[in-house]
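Notes to accompany the following structure.
Residue numbering restarts at 1 for every chain, and letters A, B, ... go by the order of the sequence lines.
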Amino acid sequence: MKKYAIAIHGGAGTILRHLMFTEKENMYKQGLQDAITIGEQILKMGGSSLDAVESSVSSLENFPLFNAGKGAVFTNKGTHEMDASIMDGLTLEAGAVCGVSNIKNPVQLARLIKEKSGHVFLSGPDAEAFAHKMSLPTAGPEYFYTQERFNQWQEVKETDSYQLDHTDKKENSEKKFG
Amino acid sequence: TVGCVALDQYGNLAAATSTGGMTNKRFGRVGDSSIIGAGTYANNNTCAISCTGHGEYFIRAVVAYDISCLMEYKGLSLKEACDFVVKEKLVKMGGEGGLIAIDSYGNIELPFNSAGMYRAWKNSDTELQIRIYE
(Lines give C-alpha, C1' and ligand atoms only; values in the text may rest on other atoms or scores of the structure.)
Protein backbone atom coordinates (compact mmCIF):
# COMPACT_ATOMS: atom_id res chain seq x y z
CA MET A 1 0.00 0.00 0.00
CA LYS A 2 1.27 3.46 -0.87
CA LYS A 3 1.54 6.00 1.90
CA TYR A 4 -1.41 8.13 2.88
CA ALA A 5 -1.77 10.76 5.58
CA ILE A 6 -4.47 12.89 7.14
CA ALA A 7 -4.69 15.66 9.75
CA ILE A 8 -7.64 17.58 11.15
CA HIS A 9 -8.20 20.55 13.44
CA GLY A 10 -11.12 21.81 15.49
CA GLY A 11 -9.93 25.35 16.04
CA ALA A 12 -7.19 27.14 17.94
CA GLY A 13 -7.14 29.10 21.16
CA THR A 14 -8.51 26.74 23.85
CA ILE A 15 -9.82 27.56 27.27
CA LEU A 16 -7.43 27.56 30.21
CA ARG A 17 -6.28 24.09 31.08
CA HIS A 18 -7.57 24.20 34.65
CA LEU A 19 -11.05 25.03 33.29
CA MET A 20 -11.06 22.05 30.92
CA PHE A 21 -12.79 19.24 32.76
CA THR A 22 -11.94 15.66 31.85
CA GLU A 23 -15.44 14.86 30.63
CA LYS A 24 -15.46 17.77 28.22
CA GLU A 25 -11.92 17.08 27.06
CA ASN A 26 -12.99 13.52 26.27
CA MET A 27 -15.95 14.82 24.27
CA TYR A 28 -13.66 17.02 22.17
CA LYS A 29 -11.29 14.11 21.61
CA GLN A 30 -14.15 11.83 20.59
CA GLY A 31 -15.31 14.41 18.04
CA LEU A 32 -11.81 14.58 16.60
CA GLN A 33 -11.43 10.80 16.57
CA ASP A 34 -14.74 10.24 14.80
CA ALA A 35 -13.88 12.81 12.14
CA ILE A 36 -10.38 11.57 11.38
CA THR A 37 -11.51 7.95 11.32
CA ILE A 38 -14.05 8.73 8.59
CA GLY A 39 -11.39 10.38 6.43
CA GLU A 40 -8.77 7.75 7.12
CA GLN A 41 -11.09 4.92 6.10
CA ILE A 42 -11.63 6.60 2.74
CA LEU A 43 -7.87 6.92 2.20
CA LYS A 44 -7.20 3.36 3.38
CA MET A 45 -9.72 1.98 0.89
CA GLY A 46 -8.05 3.86 -1.95
CA GLY A 47 -10.39 6.84 -2.00
CA SER A 48 -9.37 10.36 -2.96
CA SER A 49 -7.95 12.99 -0.65
CA LEU A 50 -10.75 15.29 -1.80
CA ASP A 51 -13.41 12.84 -0.60
CA ALA A 52 -11.50 12.37 2.65
CA VAL A 53 -11.26 16.06 3.53
CA GLU A 54 -14.89 16.68 2.62
CA SER A 55 -16.09 13.77 4.78
CA SER A 56 -13.90 14.61 7.77
CA VAL A 57 -14.87 18.27 7.73
CA SER A 58 -18.55 17.33 7.39
CA SER A 59 -18.18 15.21 10.52
CA LEU A 60 -16.57 18.12 12.37
CA GLU A 61 -19.38 20.41 11.17
CA ASN A 62 -21.91 17.97 12.64
CA PHE A 63 -20.18 17.98 16.04
CA PRO A 64 -21.71 20.76 18.19
CA LEU A 65 -18.62 21.71 20.23
CA PHE A 66 -16.69 22.99 17.23
CA ASN A 67 -17.36 26.35 15.60
CA ALA A 68 -18.67 25.23 12.21
CA GLY A 69 -21.97 23.86 10.98
CA LYS A 70 -24.07 22.72 13.94
CA GLY A 71 -21.93 24.48 16.56
CA ALA A 72 -21.44 27.75 14.70
CA VAL A 73 -21.12 30.89 16.84
CA PHE A 74 -23.63 33.75 16.88
CA THR A 75 -23.21 36.99 14.97
CA ASN A 76 -24.05 40.37 16.52
CA LYS A 77 -27.57 39.96 15.11
CA GLY A 78 -28.04 36.57 16.76
CA THR A 79 -27.78 34.71 13.48
CA HIS A 80 -25.27 32.23 12.09
CA GLU A 81 -23.06 33.06 9.11
CA MET A 82 -20.87 30.22 7.91
CA ASP A 83 -17.95 30.10 5.49
CA ALA A 84 -16.12 27.15 3.93
CA SER A 85 -13.68 26.23 1.20
CA ILE A 86 -12.06 23.22 -0.44
CA MET A 87 -9.12 22.82 -2.82
CA ASP A 88 -7.80 19.99 -4.98
CA GLY A 89 -4.00 19.86 -5.07
CA LEU A 90 -3.93 17.91 -8.34
CA THR A 91 -5.92 20.33 -10.49
CA LEU A 92 -5.67 23.50 -8.33
CA GLU A 93 -9.44 23.75 -8.64
CA ALA A 94 -11.17 25.30 -5.65
CA GLY A 95 -14.62 26.11 -4.32
CA ALA A 96 -15.62 28.50 -1.55
CA VAL A 97 -18.67 30.00 0.08
CA CYS A 98 -19.31 32.66 2.70
CA GLY A 99 -22.21 34.11 4.65
CA VAL A 100 -24.62 31.18 4.44
CA SER A 101 -27.06 30.62 7.31
CA ASN A 102 -29.07 27.49 6.71
CA ILE A 103 -26.72 24.98 5.07
CA LYS A 104 -26.00 21.99 7.31
CA ASN A 105 -22.62 21.26 5.74
CA PRO A 106 -21.07 24.32 4.07
CA VAL A 107 -18.01 22.29 3.01
CA GLN A 108 -20.25 20.18 0.79
CA LEU A 109 -21.57 23.36 -0.77
CA ALA A 110 -18.00 24.54 -1.35
CA ARG A 111 -17.24 21.32 -3.22
CA LEU A 112 -20.38 21.64 -5.36
CA ILE A 113 -19.42 25.23 -6.17
CA LYS A 114 -16.04 23.90 -7.33
CA GLU A 115 -17.53 21.19 -9.47
CA LYS A 116 -20.92 22.45 -10.66
CA SER A 117 -21.19 26.23 -10.52
CA GLY A 118 -18.59 27.34 -13.03
CA HIS A 119 -17.26 29.72 -10.38
CA VAL A 120 -14.90 29.62 -7.40
CA PHE A 121 -16.57 31.74 -4.71
CA LEU A 122 -20.28 32.32 -4.00
CA SER A 123 -21.76 34.31 -1.13
CA GLY A 124 -24.90 34.87 0.92
CA PRO A 125 -28.50 34.15 -0.04
CA ASP A 126 -27.67 33.45 -3.67
CA ALA A 127 -25.18 30.79 -2.58
CA GLU A 128 -28.00 29.30 -0.53
CA ALA A 129 -30.17 29.31 -3.63
CA PHE A 130 -27.44 27.38 -5.46
CA ALA A 131 -27.33 24.89 -2.55
CA HIS A 132 -31.09 24.46 -2.82
CA LYS A 133 -30.74 23.83 -6.55
CA MET A 134 -28.13 21.17 -5.75
CA SER A 135 -30.51 19.59 -3.19
CA LEU A 136 -28.12 20.05 -0.27
CA PRO A 137 -29.62 19.52 3.21
CA THR A 138 -30.73 22.74 4.93
CA ALA A 139 -31.93 23.50 8.47
CA GLY A 140 -33.49 26.33 10.47
CA PRO A 141 -31.79 28.35 13.23
CA GLU A 142 -32.77 25.80 15.89
CA TYR A 143 -30.44 23.24 14.31
CA PHE A 144 -27.43 25.54 14.72
CA TYR A 145 -28.33 26.70 18.24
CA THR A 146 -26.17 25.51 21.14
CA GLN A 147 -26.52 26.84 24.68
CA GLU A 148 -22.77 27.29 25.09
CA ARG A 149 -22.44 29.46 21.97
CA PHE A 150 -25.53 31.44 22.96
CA ASN A 151 -24.02 32.16 26.39
CA GLN A 152 -20.75 33.15 24.74
CA TRP A 153 -22.63 35.66 22.58
CA GLN A 154 -24.59 37.07 25.54
CA GLU A 155 -21.30 38.01 27.22
CA VAL A 156 -20.24 40.31 24.38
CA LYS A 157 -23.33 41.22 22.38
CA GLU A 158 -23.68 44.74 23.79
CA THR A 159 -20.01 45.53 23.19
CA ASP A 160 -17.66 46.05 20.25
CA SER A 161 -15.76 42.94 21.29
CA TYR A 162 -15.69 39.59 19.56
CA GLN A 163 -14.32 36.19 20.42
CA LEU A 164 -12.28 33.47 18.73
CA ASP A 165 -13.41 29.83 18.74
CA HIS A 166 -12.09 28.66 22.07
CA THR A 167 -11.14 31.45 24.42
CA ASP A 168 -11.92 33.12 27.70
CA LYS A 169 -10.76 36.55 26.58
CA LYS A 170 -12.46 39.23 24.55
CA GLU A 171 -10.79 40.86 21.58
CA ASN A 172 -11.17 44.54 20.78
CA SER A 173 -12.31 45.22 17.26
CA GLU A 174 -9.49 47.74 16.65
CA LYS A 175 -6.73 45.21 17.28
CA LYS A 176 -6.82 43.81 13.77
CA PHE A 177 -5.44 47.01 12.31
CA GLY A 178 -2.10 46.37 13.97
CA THR B 1 -13.18 26.66 12.76
CA VAL B 2 -12.51 23.13 11.58
CA GLY B 3 -10.35 21.78 8.80
CA CYS B 4 -8.73 18.78 7.21
CA VAL B 5 -5.76 18.09 4.95
CA ALA B 6 -5.01 14.75 3.30
CA LEU B 7 -2.64 12.88 1.01
CA ASP B 8 -4.14 9.90 -0.79
CA GLN B 9 -2.42 6.77 -2.13
CA TYR B 10 -2.12 8.33 -5.59
CA GLY B 11 -0.05 11.24 -4.28
CA ASN B 12 -2.85 13.80 -4.47
CA LEU B 13 -3.24 16.45 -1.79
CA ALA B 14 -6.44 18.23 -0.73
CA ALA B 15 -7.50 20.74 1.91
CA ALA B 16 -10.81 21.96 3.33
CA THR B 17 -11.83 24.44 6.02
CA SER B 18 -15.19 25.41 7.50
CA THR B 19 -16.17 27.97 10.13
CA GLY B 20 -18.89 29.89 11.89
CA GLY B 21 -16.60 32.92 12.13
CA MET B 22 -16.24 34.98 15.30
CA THR B 23 -18.78 35.42 18.08
CA ASN B 24 -20.53 38.83 17.81
CA LYS B 25 -19.13 39.56 14.33
CA ARG B 26 -20.85 42.34 12.37
CA PHE B 27 -21.19 43.86 8.91
CA GLY B 28 -20.92 40.53 7.08
CA ARG B 29 -17.36 40.02 8.25
CA VAL B 30 -15.55 37.19 6.45
CA GLY B 31 -12.39 35.58 7.81
CA ASP B 32 -9.66 33.57 6.15
CA SER B 33 -11.35 30.16 6.14
CA SER B 34 -13.17 30.59 2.86
CA ILE B 35 -10.39 32.51 1.16
CA ILE B 36 -8.24 30.32 -1.06
CA GLY B 37 -4.58 31.05 -0.34
CA ALA B 38 -5.26 32.60 3.06
CA GLY B 39 -7.00 29.90 5.10
CA THR B 40 -7.00 27.01 2.65
CA TYR B 41 -4.62 25.88 -0.07
CA ALA B 42 -3.53 22.65 -1.79
CA ASN B 43 -0.92 22.00 -4.45
CA ASN B 44 0.50 18.57 -5.27
CA ASN B 45 3.93 20.12 -5.83
CA THR B 46 4.13 21.46 -2.28
CA CYS B 47 1.53 20.94 0.43
CA ALA B 48 -2.05 21.14 1.66
CA ILE B 49 -2.94 23.65 4.38
CA SER B 50 -5.96 24.47 6.55
CA CYS B 51 -5.74 27.38 9.01
CA THR B 52 -7.52 28.43 12.18
CA GLY B 53 -7.19 31.57 14.25
CA HIS B 54 -7.58 35.32 13.98
CA GLY B 55 -8.67 35.53 10.36
CA GLU B 56 -7.77 39.15 9.65
CA TYR B 57 -4.09 38.38 10.24
CA PHE B 58 -4.21 35.18 8.19
CA ILE B 59 -5.70 37.12 5.29
CA ARG B 60 -3.07 39.86 5.44
CA ALA B 61 -0.25 37.31 5.70
CA VAL B 62 -1.75 35.11 2.93
CA VAL B 63 -0.68 32.28 5.22
CA ALA B 64 -1.55 29.12 3.32
CA TYR B 65 -0.14 30.22 -0.05
CA ASP B 66 2.87 31.78 1.64
CA ILE B 67 3.88 28.39 3.04
CA SER B 68 3.43 26.78 -0.37
CA CYS B 69 5.53 29.52 -1.98
CA LEU B 70 8.33 29.18 0.57
CA MET B 71 8.51 25.50 -0.34
CA GLU B 72 8.18 25.92 -4.10
CA TYR B 73 10.36 28.96 -4.71
CA LYS B 74 12.76 28.92 -1.78
CA GLY B 75 13.15 25.17 -1.29
CA LEU B 76 12.15 25.15 2.38
CA SER B 77 10.87 21.95 3.96
CA LEU B 78 7.27 21.83 5.20
CA LYS B 79 8.44 22.22 8.79
CA GLU B 80 10.74 25.16 8.00
CA ALA B 81 8.03 26.96 6.05
CA CYS B 82 5.32 26.35 8.67
CA ASP B 83 7.52 27.38 11.59
CA PHE B 84 8.60 30.56 9.86
CA VAL B 85 5.08 31.68 8.96
CA VAL B 86 3.29 30.67 12.17
CA LYS B 87 5.95 31.20 14.81
CA GLU B 88 7.82 34.19 13.37
CA LYS B 89 5.81 36.09 10.75
CA LEU B 90 2.38 35.78 12.38
CA VAL B 91 3.74 36.34 15.87
CA LYS B 92 5.40 39.59 14.77
CA MET B 93 2.09 40.74 13.26
CA GLY B 94 0.20 39.77 16.42
CA GLY B 95 -1.85 37.05 14.74
CA GLU B 96 -2.99 34.22 16.98
CA GLY B 97 -3.77 30.73 15.72
CA GLY B 98 -2.33 27.78 13.90
CA LEU B 99 -2.66 25.43 10.96
CA ILE B 100 -2.43 21.83 9.83
CA ALA B 101 -0.26 20.88 6.86
CA ILE B 102 0.75 17.82 4.86
CA ASP B 103 3.35 17.71 2.09
CA SER B 104 3.52 15.43 -0.92
CA TYR B 105 5.76 12.98 1.01
CA GLY B 106 3.19 12.58 3.77
CA ASN B 107 5.01 14.69 6.34
CA ILE B 108 2.61 16.33 8.77
CA GLU B 109 3.05 19.64 10.61
CA LEU B 110 0.63 21.18 13.11
CA PRO B 111 2.16 24.46 14.34
CA PHE B 112 0.27 27.01 16.44
CA ASN B 113 1.14 30.06 18.51
CA SER B 114 -1.97 30.06 20.73
CA ALA B 115 -2.54 28.24 24.03
CA GLY B 116 -3.57 25.17 22.12
CA MET B 117 -5.19 23.75 19.02
CA TYR B 118 -7.67 20.91 18.79
CA ARG B 119 -6.00 18.48 16.40
CA ALA B 120 -5.55 14.88 15.32
CA TRP B 121 -3.34 13.21 12.76
CA LYS B 122 -2.54 9.81 11.32
CA ASN B 123 -0.70 8.26 8.40
CA SER B 124 -0.54 4.75 7.01
CA ASP B 125 2.53 3.93 9.15
CA THR B 126 1.68 5.43 12.54
CA GLU B 127 -0.92 5.37 15.28
CA LEU B 128 -3.64 7.99 15.59
CA GLN B 129 -2.60 11.01 17.65
CA ILE B 130 -5.06 13.44 19.28
CA ARG B 131 -3.97 16.58 21.15
CA ILE B 132 -5.43 19.84 22.45
CA TYR B 133 -2.56 21.53 24.27
CA GLU B 134 1.18 21.51 23.49
Exercise for review: Hey, could you give me the CD/OG distance between A:E54 and B:S18, rounded to the nearest 0.5 Å?
Suggested key: 11.0 Å
Practice item. Please say which of B:L13, B:N12, B:D8 ends up in a side-chain contact (heavy atoms from CB on, under 4.5 Å) with A:L90. Key: B:N12
Point to revise | Hydrophobic cluster identity match, B:V63 and B:Y73, side-chain contacts under 4.5 Å | key: no
Point to revise | More than 12 heavy atoms of other groups within 6.0 Å of A:E23 CD | key: no
Revision key, fill the gap. Counting heavy-atom pairs under 4.5 Å with chain B, the top scorer among A:V57, A:D51, A:V120 is A:V57
Check your understanding: Do A:I42 and A:L50 sit in the same hydrophobic cluster, where Ile, Leu, Val, Met, Phe, Trp and Tyr count as joined when their side-chain heavy atoms come under 4.5 Å apart?
Key -> no
Review point. So which of A:D83, A:I86, A:V97 has the largest heavy-atom pair count under 4.5 angstrom toward chain B?
Key: A:D83
Point to revise | Heavy-atom contact with chain B under 4.5 Å, split by part of A:L43 | key: both
**Study point:** Backbone of A:Y4 reached by a side-chain donor or acceptor of B:S124 within 3.5 Å
**Key:** yes
**Study point:** Residue pair B:L110 / A:A7: nearest heavy atoms and the distance that separates them
**Key:** CD2-CB, 4.3 Å
Review point. Side-chain heavy atoms under 4.5 angstrom apart, residues restricted to Ile, Leu, Val, Met, Phe, Trp, Tyr: same cluster for A:L60 and A:M27?
Key: yes
Exercise for review: For A:T138, enumerate each residue passing the side-chain contact (heavy atoms from CB on, under 4.5 Å) test, keeping only those at least two apart in sequence or located in another chain.
Suggested key: A:N102, A:I103
Review point. So do the side chains of A:I8 and B:C4 get within less than 4.5 Å of each other, counting heavy atoms only?
Key: yes
**Study point:** Hydrophobic cluster identity match, B:Y133 and B:L128, side-chain contacts under 4.5 Å
**Key:** yes
Check your understanding: Would you say B:K89 has more than 12 foreign heavy atoms packed within less than 6.0 Å of its NZ?
Key -> yes
Exercise for review: Report yes if some heavy atom in the side chain of B:K122 is under 4.5 Å from a heavy atom in the side chain of A:T37; otherwise report no.
Suggested key: no
Review point. Between B:S104, B:G97, B:G106, B:A16, which shows the greatest number of heavy-atom pairs under 4.5 Å with chain A?
Key: B:A16
Check your understanding: Does anything in residues 86-133 of chain A pair up under ring-ring contact (aromatic ring centres under 6.0 Å, His included), and if so which pairs, sequence neighbours excluded?
Key -> none
Exercise for review: Please determine, among B:L99, B:I108, B:T23, B:T126, the option with the most heavy-atom pairs under 4.5 Å with chain A.
Suggested key: B:T23
Check your understanding: NZ of A:K157 to CZ of B:R26: how many Å apart, nearest 0.5 Å?
Key -> 13.5 Å
Check your understanding: Any link between B:I59 and B:V62 through a network of hydrophobic side chains (Ile, Leu, Val, Met, Phe, Trp, Tyr) touching at under 4.5 Å?
Key -> no
**Study point:** Contact winner vs chain B - A:G124, A:A94, A:A84, A:A72, heavy-atom pairs under 4.5 Å
**Key:** A:A84
Study note, to complete from the structure: Okay, B:Y10 and chain A: the region with an atom under 4.5 Å from a heavy atom over there is side chain
Check your understanding: So which residues of residues 30-51 of chain B are in contact with chain A at a heavy-atom cut-off of under 4.5 Å?
Key -> B:V30, B:G31, B:S33, B:S34, B:I35, B:I36, B:T40, B:Y41, B:A42, B:N43, B:N44, B:S50, B:C51
Exercise for review: Give the member of A:P106, A:G46, A:G95 that has the highest number of heavy-atom pairs under 4.5 Å with chain B.
Suggested key: A:G46
Exercise for review: Fit a plane to each ring of B:Y118 and A:Y28, take the angle between them on a 0 to 90° scale, and name the class: parallel (under 30°), tilted (30 to 60°) or perpendicular (over 60°).
Suggested key: tilted
Check your understanding: So what's closer than 4.5 Å to chain B heavy atoms on A:Q33: side chain, backbone, both or neither?
Key -> both
Check your understanding: Under 4.5 Å between any side-chain heavy atoms of B:T19 and A:N67, yes or no?
Key -> yes
Practice item. Give a yes or no on this: more than 12 heavy atoms of other residues, nucleotides or ligands lie within 6.0 Å of atom CD of A:Q41. Key: yes
Practice item. Any chance you could measure A:K77, atom NZ, to B:F27, atom CZ, to the nearest 0.5 Å? Key: 10.0 Å
Practice item. Using the side-chain contact (heavy atoms from CB on, under 4.5 Å) rule, pick out the option among A:T75, A:T159, A:V73 that qualifies with B:N24. Key: A:T159
Review point. What pairs of residues pass the ring-ring contact (aromatic ring centres under 6.0 Å, His included) test when at least one of them lies in residues 67-91 of chain A, not counting sequence neighbours?
Key: A:F74-A:H80, A:F74-A:Y145, A:F74-A:F150, A:F74-A:W153, A:H80-A:F144
Exercise for review: Enter the distance from A:Q30:CD to B:I130:CD1 here, rounded to the nearest 0.5 Å.
Suggested key: 7.5 Å
Practice item. Measure across B:Q9 and A:K2 and return the closest heavy-atom pair with its distance rounded to 0.1 Å. Key: O-CD, 3.2 Å
**Study point:** Exercise: identify the closest heavy-atom pair between A:S49 and B:A6
**Key:** CB-O, 3.5 Å
**Study point:** Close side-chain approach of A:K3 to B:D125, heavy-atom, < 4.5 Å
**Key:** yes
Revision key, fill the gap. Residue from A:L32, A:V107, A:N76 scoring the most non-hydrogen pairs under 4.5 Å with chain B is A:N76
